[in-house]
Structures are given as C-alpha cells and as structure tokens.
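Below is one structure; the comments refer to it alone.
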Amino acid sequence: QVQLVESGGASVQAGGSLRLSCASSGAISQRGCMAWFRQGQGKQREGVATICRGSTFYLTSVEGRFTIALDNVKNTLDLQMNDLGPEDTAMYYCAAGGTLRSLEVWAYNYWGQGTQVTVST
C-alpha cells in the first residue's frame, strides 16, 4: 500500500511563499505520475500541478508562481508556491500512481491526507 504524507502547510500573508512536501513510502521515483491538488471550502478538488516522466503541467492560475519537483534525495514531491493570494487558500493534497500527465482527480490512485494552506490579506 502506497502511503503519502504531506507537510509544509501554514498560514501566511498575501505575497508570501510556502514549500509543500509529500513524503512517500517506497521510492518516490516509482510512484508513477504525481500531482498536487487543492480543495477550498465548499469547492471541488482541482489539480494544481503535475509531473510525469519529467514533464510538468500547471493550472493556469498558478503557472509562473508554483513549481512542482521531485526530490529523489529526500524522496519527496515538492510544491514551491510563491506570491500567494487569498484565492490559494485550500487544503492541498498529494496524489500518485497516475499513468498519464493529468490534473484530473480520476487519474490518480493514491492520495495523502492533506495539508492546510491559509493566505490572509
């Protein structure tokens, strides 16, 4: 069973930065395509960024501000988030086990429990 554990969520002011990490049981490089999703209160879960066989893809609203990357030394999937705004407030989830580059929920088999990001003005 693949286990994913997110960390790094916090409360920050608008314009600030955070780095989220997702630790995986087993080698992160063996987890297939991976992604970060988020779900704001009362909203549907949406894909934010994905990395698959070295190729990345981002939700339009975060492109240029967020960077997804695999760290094979730390064995984590990271999400660097810069210039955060209140619209980025959400629970952020790590997902793995995908076979294609996608920001769709159905494309992933394994999920973490989430880490909360709150951005205030």
Evaluate the criterion side chain to side chain contact (heavy atoms under 4.5 Å, CB included) for residue pair Thr76 and Cys22; output intermediate values, then yes/no.
CA-CA 5 Å; Thr76 59; Cys22 172; 5.8 Å; no
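- Under the 4.5 Å side-chain contact rule for hydrophobic residues, Leu103 and Val105 do not share a cluster.
- Proximity of Leu79 to Leu77: side-chain heavy atoms (C-beta onward) are nowhere separated by under 4.5 Å.
- Figure legend: Arg31 and Tyr110 shown without cation-pi pairing, the cationic atom not lying both under 6.0 angstrom from the six-membered ring centre and within 45 degrees of its axis.
- Leu18 places none of its side-chain heavy atoms less than 4.5 Å from the side chain of Gln80.
- Classification of the Tyr92-Phe66 ring pair by plane angle, with boundaries at 30° and 60°, yields tilted.
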Asp78 and Ser21: side chain to side chain donor-acceptor pair (under 3.5 Å), yes or no, with the steps?
CA-CA 4 Å; Asp78 297 334; Ser21 286; 2.8 Å; yes
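- In this structure, Glu46 and Arg38 have side chains that are in contact, with non-hydrogen atoms separated by less than 4.5 Å.
- The heavy-atom pair separating Thr121 from Ala14 by the smallest distance is CA-CB, 4.4 Å.
- Lys74 contributes atom NZ, which lies 11.5 Å from atom CG of Leu70 (distance to the nearest 0.5 angstrom).
- The two residues Gln116 and Ala90 make their nearest non-hydrogen contact at NE2-O, 3.4 Å.
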Working note: Cys33 + Arg53, criterion side chain to side chain contact (heavy atoms under 4.5 Å, CB included); need CA distance, chi angles, decisive distance, verdict.
CA-CA 7 Å; Cys33 301; Arg53 292 182 284 277; 4.0 Å; yes
Please step through side chain to side chain contact (heavy atoms under 4.5 Å, CB included) for the pair Glu63 and Phe57, ending with a clear verdict.
CA-CA 8 Å; Glu63 195 158 14; Phe57 185 72; over 6 Å; no
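- Cluster membership for Tyr93 and Val48, using ILVMFWY side-chain heavy atoms within less than 4.5 angstrom, is not shared.
- Contact detail for Glu6 and Cys94: the closest heavy-atom pair is OE2-N, 2.8 Å.
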Working for side chain to side chain contact (heavy atoms under 4.5 Å, CB included), residues Thr118 and Met91:
CA-CA 8 Å; Thr118 303; Met91 184 72 79; over 6 Å; no
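- Of all non-hydrogen atoms in Arg65 and Leu84, the two that sit nearest each other are NH1-CA, 3.9 Å.
- Applying the 6.0 Å contact sphere to CD of Gln3 captures no more than 12 heavy atoms from other residues, nucleotides or ligands.
- In plain terms, the two heavy atoms of Met81 and Val117 that are nearest each other are CE-CG2, 3.9 Å.
- Heavy atoms only, all atoms of each residue included: Trp36 and Leu20 are closest at CH2-CB, 3.7 Å.
- Considering only heavy atoms from C-beta on, Tyr58 comes within 4.5 Å of Thr67 through its side chain.
- Linking Ile, Leu, Val, Met, Phe, Trp and Tyr whenever their side-chain heavy atoms come within less than 4.5 Å leaves Val62 and Phe37 in two separate clusters.
- Residues Thr50 and Arg101 bring no donor and acceptor atom of their side chains to less than 3.5 Å of each other.
- Both Ile51 and Leu4 are members of a single hydrophobic cluster when ILVMFWY side chains are connected at heavy-atom separations under 4.5 Å.
- Under 3.5 Å, the side chains of Ser17 and Asn82 contain a donor-acceptor pair of N or O atoms.
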